[in-house]
Amino acid sequence: MSCFSARLDSAALVTSLIECLIEEKRSEVVAHIAIDAAGLELHVVGRSKSTHATLTLPVSCFAAFDCVDETGAPFVRGGDQEPIAFSVDVRALVECLKLFGTAGADLEVSLSYAPATEVFKLTLEEPGAFTSCDVHVLEDSNDLEGATDMAGAFRDAPTAAKTLATSATLRDVVADFDESAVGSSTIKVSVHFRLAASGSVGCVQIDVPRDAFVVFEAPEETRSWTYQTQAFLHGMKALPHSHETYVRVNDHGMLLVQHMVANDRGAGDNMYLEYLCCSDTDDHLPDAPPPGERPADASQAAATFATMASPAF
């Protein structure tokens, strides 16, 4: 019978990354967990399957890691064994990890799961005491299958634009955008990286110069893609924890954000949080002037920005 057990020396960073999967306005957020020889993955599918977040925890981020398949044989990298798979409520999982408050998340945590029990067990270890927390497994759903189709759709379409930057470069930009924006957000990639939004309290536009990026590949023609503010900012929640962030948009306007998070054990593979989001619109717009320059006709500039931004929702 298949089973899994592992131990984290400190659950602080992993807990913070799992929290990044949670959509704030949803009362129940389901995580689909898959475990094999490579490590553990958590998948969260958004409403109407328009977003898909994946947290990848490699074996090297665990102090101990053991999993066997249904025949009792250890999982082998590259093998054809079916992963151990189950679903849990992410909020319940985080509540268990933070049972002793924020400081408690820094305790050692043991994880275990056996399909026969239908319970994902967490044991928090502190000097002289062990506290167990059982997270009951939820019924299977087809959400993850739809998310897999979404990831395949992103790969099948050509990449229209991509950027790679240190997460610190984007952190302050997104923080300002988060405080200001009410409504829909627009990413425009041309000679500069532009975020723009319009809502009931006004509008905001932020340009990031090309030299702020390690890699910057823009489309030959000027294009912009519109995303819901909540969905876009959800994909940026891991910026405080990551070291590099890779952003790609495919030809259909699907946005893929990949955050690289250093392994807090100091060695081994990095952790990754990926976020995939569908766009509301894909606009082909005339070239906008670079930051600091105004068009000859100011009314034309206002009309251009009104086209780029979407009304509040």
Side-chain angles (χ1 to χ4, degrees), residues 4 6 8 10-35 38-58 61-62 83-99 102 105 109 111 113 120 122 133 135-138 140-151 154 167 170-171 174 178 227-247 254-264 270-278:
F4 157 75
L8 290 165
S10 169
L13 178 56
V14 169
T15 301
S16 296
L17 293 176
I18 294 175
E19 285 186 292
C20 292
L21 301 174
I22 297 175
E23 292 182 73
E24 296 178 1
K25 294 185 178 181
R26 293 182 65 181
S27 58
E28 182 182 84
V29 182
V30 177
H32 304 277
I33 298 177
I35 304 167
L40 184 149
E41 284 189 348
L42 295 93
H43 300 265
V44 173
V45 182
R47 284 194 183 97
S48 67
K49 299 182 181 180
S50 61
T51 64
H52 175 204
T54 302
L55 174 60
T56 301
L57 304 176
C61 77
F62 296 91
I84 298 173
F86 56 96
S87 302
V88 297
D89 186 317
V90 184
R91 294 188 187 277
L93 179 59
V94 170
E95 286 177 6
C96 287
L97 290 168
K98 300 176 71 172
L99 194 61
T102 304
V109 177
L111 316 170
Y113 172 73
F120 187 36
L122 287 75
C133 184
V135 181
H136 290 274
V137 172
L138 303 176
D140 292 335
S141 70
N142 60 358
D143 280 357
L144 189 55
E145 182 179 342
T148 303
D149 293 342
M150 187 177 174
F154 180 88
S167 299
L170 300 177
R171 202 171 294 151
V174 172
D178 193 2
Y227 307 91
Q228 293 295 317
T229 300
Q230 181 184 358
F232 174 74
L233 294 179
H234 185 200
M236 299 295 174
K237 288 177 69 174
L239 283 174
H241 313 291
S242 58
H243 289 252
E244 286 187 336
T245 299
Y246 186 31
V247 180
M254 298 177 73
L255 172 73
L256 177 62
V257 182
Q258 296 172 298
H259 300 282
M260 185 188 76
V261 183
N263 192 325
D264 59 353
N270 294 311
M271 295 175 278
Y272 289 90
L273 196 151
E274 299 183 359
Y275 181 78
L276 188 58
C277 177
C278 294

I need the minimum non-hydrogen distance between Thr15 and Lys98, along with the two atoms involved. CG2-CG, 3.6 Å

Can you tell me if His136 uses its side chain to pair, donor with acceptor, with the backbone of Asp89 under 3.5 Å? no

Determine the minimum heavy-atom distance between Val261 and Asn270, stating which atoms define it. O-CB, 3.4 Å

Look only at the side chain of Ser16 and the backbone of Ala12, and say whether a donor-acceptor pair between them is shorter than 3.5 Å. yes

Contact check, side chains of Leu273 and Ser242, non-hydrogen atoms, under 4.5 Å: no

State, with a plain yes or no, whether a side-chain heavy atom of Val88 is found less than 4.5 Å away from one of Val30. no

Thr245/Met260 under side chain to side chain contact (heavy atoms under 4.5 Å, CB included): CA gap, chis, key distance, verdict: CA-CA 6 Å; Thr245 299; Met260 185 188 76; over 6 Å; no

What's the verdict on side chain to side chain contact (heavy atoms under 4.5 Å, CB included) for Leu276 and Thr51, showing C-alpha distance, side-chain angles and the deciding distance? CA-CA 5 Å; Leu276 188 58; Thr51 64; over 6 Å; no

Mind checking whether Leu55 and Leu21 have side chains closer than 4.5 Å, heavy atoms only? yes

Working to the nearest 0.5 angstrom, can you tell me the gap between Tyr246 OH and Glu274 CD? 11.5 Å

Here the pair of heavy atoms bringing Phe62 nearest to Leu57 is CE1-O, 3.9 Å

Value rounded to 0.5 Å, distance of SG in Cys133 from CG in Leu111: 11.0 Å

Under a 4.5 Å cut-off applied to non-hydrogen side-chain atoms, are His43 and His52 in contact? yes

Closest heavy-atom pair, Cys278 versus Met150, reported as atoms and distance to 0.1 Å, is SG-CE, 3.6 Å

May I ask you to decide if the ring planes of Phe120 and Phe86 are parallel, tilted or perpendicular, using 30° and 60° as cut-offs? tilted

Mind checking whether Thr54 and Leu42 have side chains closer than 4.5 Å, heavy atoms only? no

Taking all heavy atoms of Tyr275 and all of Ala53, pick out the closest pair and write down the distance. CD1-CB, 4.0 Å

Is any side-chain heavy atom of Leu40 closer than 4.5 Å to a side-chain heavy atom of Thr56? no

With heavy-atom distances below 4.5 Å as the criterion, would you say the side chains of Tyr113 and Ile33 are in contact? no

Going by distance alone, is a donor N or O of one side chain under 3.5 Å from an acceptor N or O of the other, for His259 and His241? no

Can you name the nearest heavy-atom pair linking Cys20 to His234, along with the distance? O-NE2, 3.0 Å

Contact between Val257 and Met236 at the side-chain level, heavy atoms closer than 4.5 Å - yes or no? yes

State whether Lys237 and Glu19 are salt-bridged, where the test is any N-O pair (Lys NZ or Arg NE/NH1/NH2 against Asp/Glu carboxylate O) under 4.0 Å. no

Nearest-0.5 Å distance that lies between atom CZ in Phe154 and atom CG in Leu255: 7.5 Å

Are Ser167 and His243 close enough that a side-chain donor and a side-chain acceptor fall under 3.5 Å? no

